[in-house]
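Index from 1, following the sequence.
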Amino acid sequence: GSLNQILDEMSLFAKKNCVRLKDFLHDYDTLRKGFITKAKLRTALSSAGFSLSSGDMRLLESKFQHKDPVYNDMVDYRELIRLIDPYRRE
């Protein structure tokens, strides 16, 4: 699906299942920088109960990829949380 469709479905899933995505992603960010590897993103989303196709995961990884090419295996999960987590606390 489209990125917006994926984000909408993830947001509905998080709300319906009371998933605090921030907690799952934060656990993988040991340095608390707001970035985790793409592999850790996949693991965290799977642990949280999200069932995403590999194509959907690639779309998410591309959208939230770290802006610095040196860190091209990293994703900025803070923006993902901002867009889909109904329980986020700024």
Any non-hydrogen side-chain atom of [X] less than 4.5 Å from a side-chain atom of [Y]?
X: L59; Y: I6; answer: yes
X: F64; Y: R78; answer: no
X: L3; Y: L60; answer: yes

*Going hydrophobic residue to hydrophobic residue with side-chain gaps under 4.5 angstrom, can you get from F35 over to Y77?*
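Not linked; separate clusters.
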
*Check whether L83 and M74 end up in the same hydrophobic cluster, where Ile, Leu, Val, Met, Phe, Trp and Tyr are linked by side-chain heavy atoms less than 4.5 Å apart.*
no

Any chance you could measure [X], atom [atom1], to [Y], atom [atom2], to the nearest 0.5 Å?
X: I81; Y: D23; atom1: CD1; atom2: CG; value: 8.5 Å
X: N17; Y: L12; atom1: CG; atom2: CG; value: 10.5 Å
X: L80; Y: K22; atom1: CG; atom2: NZ; value: 13.0 Å
X: S2; Y: D8; atom1: OG; atom2: CG; value: 7.5 Å
X: N72; Y: T37; atom1: CG; atom2: OG1; value: 12.0 Å
X: F13; Y: L21; atom1: CZ; atom2: CG; value: 10.0 Å

*How close do S47 and F24 get, heavy atom to heavy atom, and via which atoms?*
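It is O-CE2, 3.5 Å.
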
Please check this pair: side chain of [X] against backbone of [Y], looking for a donor-acceptor N/O pair closer than 3.5 Å.
X: S11; Y: L7; result: no
X: D29; Y: G34; result: yes
X: K40; Y: D27; result: no
X: R32; Y: H26; result: yes

_Name the residue from E9, K15, M10, E79 that meets the side-chain contact (heavy atoms from CB on, under 4.5 Å) definition with I84._
M10

*Does NZ or CZ of R42 fall inside the cone over F50's six-membered ring, less than 6.0 Å from its centre and within 45° of the axis?*
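Not flagged: R42 not positioned over aromatic ring of F50.
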
